[in-house]
Amino acid sequence: MMEWLERIPPEIIRLAVTFVILGAFVAVNAMLLVYIERKVAGFVQRRPGPYEVGPRGILTPVADALKMMGKQPLMPAGADRPLFRLAPVLAFAPLLLIMLPMEFGPDLYGLGLNMGLLLILAFAGVNVLAVCLAGWSSNNKWSLLGAARAVAQSVAYEIPVLLCVLAVLFMTGTLDMIEIGAGQGAWPWQWNAALQPLAFVLFFICALAESHRAPFDLPEAESELTAGFHTEYSSMSFAVFFLAEYTEMTILCAVAVILFLGGWQGPFLPGPWWFLVKLYALLLIMIWVRWTFPRVRFDMMLNLCWKYFIPLAMLNLLATAVIITLVRG
Amino acid sequence: MMPTDNSYRKKAGHISSRSLPARFLLSARSLLAGLSITGRFAFKPWRTVRYPFKVLDNLETYRGHIEHIGRADDPAVPRCISCMLCARACPSGCISLSPRKPEARENGADSGRPPRKDPQSFLLDFSKCSLCGLCVEACPVRSLRFSHDIYIVWTERGQFIIDLLARLQAQAARAQKEE
């Protein structure tokens, strides 16, 4: 009776199950992050934040999602119809792929790839294209300006990110996310962050810029660009952009956890819990930073990257290479 | 746009006069100071109340549109002496008042009281008002003050033109009734 099931290769079944689980995780994670974000914003400004829907407002993101689904999808006159519809899909779809080679706990991964990190870095670039298409196809000056900013920012900050990742790769000598995680120990002094503190800090700051988070949220600076590249999006297409934004944050933090903070390893608790603890600690710092610092000016932001972060990351890479050569003889 | 005037950078003690590592340390310290402030604020008690269920009791500090203060001997008549200083002080030209005509200023032939100086009409166009308070400061007889009504709702543009004399009379009538 179940014979047809046995004929399907197990890899396909594993992939299908992984995508379902990842999809559920992404949706729940985004709602949780929206709730945490608004609560932190409230607490920092000494007010309760969302409070009325459900106990302590825990159901507010659910109400938000339902409201978003009920909205009318609008398209501006003169918009490029296929590109306008394609952009949100393109922003979101690669993100599920990116999460495949990550190990969330012992043997808890979608796809064992010896080029896992390369896959992550390659598909992370697709988001830039999606933002660019969204801004271009909207036929709106704010959208276009936001998209132009987003592209300039993402292209600039991808370089220090790659240089920081490369410094870790010099040490581990593998692109396999699972091996990189396994190469570190359970205690903080055994993590890559202890050996590469500068790379870790730079990676985290650039992750803020890559995910367009405050203080680097210039592509959607409300005061100048209304909402930046997603000005014209409503309903589910906006919700998908929103989802993609929070998922991107989560992915960057997850990569940071695996590369620098020892992955799922940790004392006392079982693996997946440690991964979640580290992941949400980083995300909480991201949210905390957003509600603390004002937005930087655009030329300042690019100066920061080109004049300071890239030279620093290069020096760090050089030092890493020299030390590794000396140590390994 | 970069500021063209860079003279502030030459001032002693400005951050750009320090060496690069010192600037990095200073910047990092100021960023951490900001984080520590918001971090501490997050655990302090809330400063807001759950509005429809709880209302603050300091509403008299609210600065609504201006209103007249009644005279001590007749609360339905404003202290105003129609000097027009408020109308001139107003940067937006919200206030239009007309003094009484000479014959209307008589208090009655044998009353022995000085002629009335309170205005014939006093209209406030609240749609233009920016609540700057210059009229309140300009008034030589302290006839104007801010009202404290936070629950005002208007649905038509015409309602923004408020007859302040009628408002004072209504207030006086209400106060009398309560007595």
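Each chain gets a letter, A, B and so on, in the order the sequences are listed, and its residues count up from 1. The basis for the numbers below is simple: all heavy atoms, side chains too, and nothing from hydrogens, waters or symmetry mates.
- A salt bridge between A:Arg38 and A:Asp64 is present, with a side-chain N of the basic residue lying under 4.0 Å from a carboxylate O of the acidic one.
- Annotation: residues 42-69 of chain B contacts chain A through B:Ala42, B:Lys44, B:Pro45, B:Trp46, B:Arg47, B:Thr48, B:Arg50, B:Phe53 [non-hydrogen atoms, separation under 4.5 Å].
- For A:Val40, no part lies under 4.5 angstrom from a heavy atom of chain B.
- Remark: A:Glu37 engages A:Arg213, A:Arg290 in a salt bridge (charged side-chain N to carboxylate O under 4.0 Å, His left out) (not counting sequence neighbours).
- Among pairs with a residue in residues 141-163 of chain A, those fulfilling side-chain hydrogen bond (donor to acceptor under 3.5 Å, both in side chains) read A:Arg149-A:Glu224, A:Ser154-A:His212, at least two apart in sequence or across chains.
- The side-chain hydrogen bond (donor to acceptor under 3.5 Å, both in side chains) pairs that include a residue from residues 29-43 of chain B are A:Trp288-B:Thr38, A:Thr292-B:Thr38, B:Ser36-B:Arg40, where partners are two or more places apart or lie in different chains.
- No side-chain heavy atom of A:Gln196 sits less than 4.5 Å from a side-chain heavy atom of A:Cys164.
- Between A:Thr250 and A:Asn29, the side chains place a donor N or O and an acceptor N or O closer than 3.5 Å (distance only, hydrogens not considered).
- For a residue to count as touching a neighbouring chain, one of its non-hydrogen atoms must lie under 4.5 Å from one of that chain's; by this rule A:Leu312 touches chain B with the side chain only.
- How far CD1 of A:Ile310 is from CG of A:Leu163: 7.0 Å, rounded to the nearest 0.5 Å.
- Only the side chain of A:Tyr308 comes within less than 4.5 Å of a heavy atom in chain B; its backbone stays farther off.
- In this structure, chain A has no heavy atom under 4.5 Å from any part of B:Ile37.
- Taking the six-membered ring for Trp and thresholds of 30 and 60 degrees, B:Phe126 and B:Phe160 have nearly parallel ring planes, at less than 30 degrees apart.
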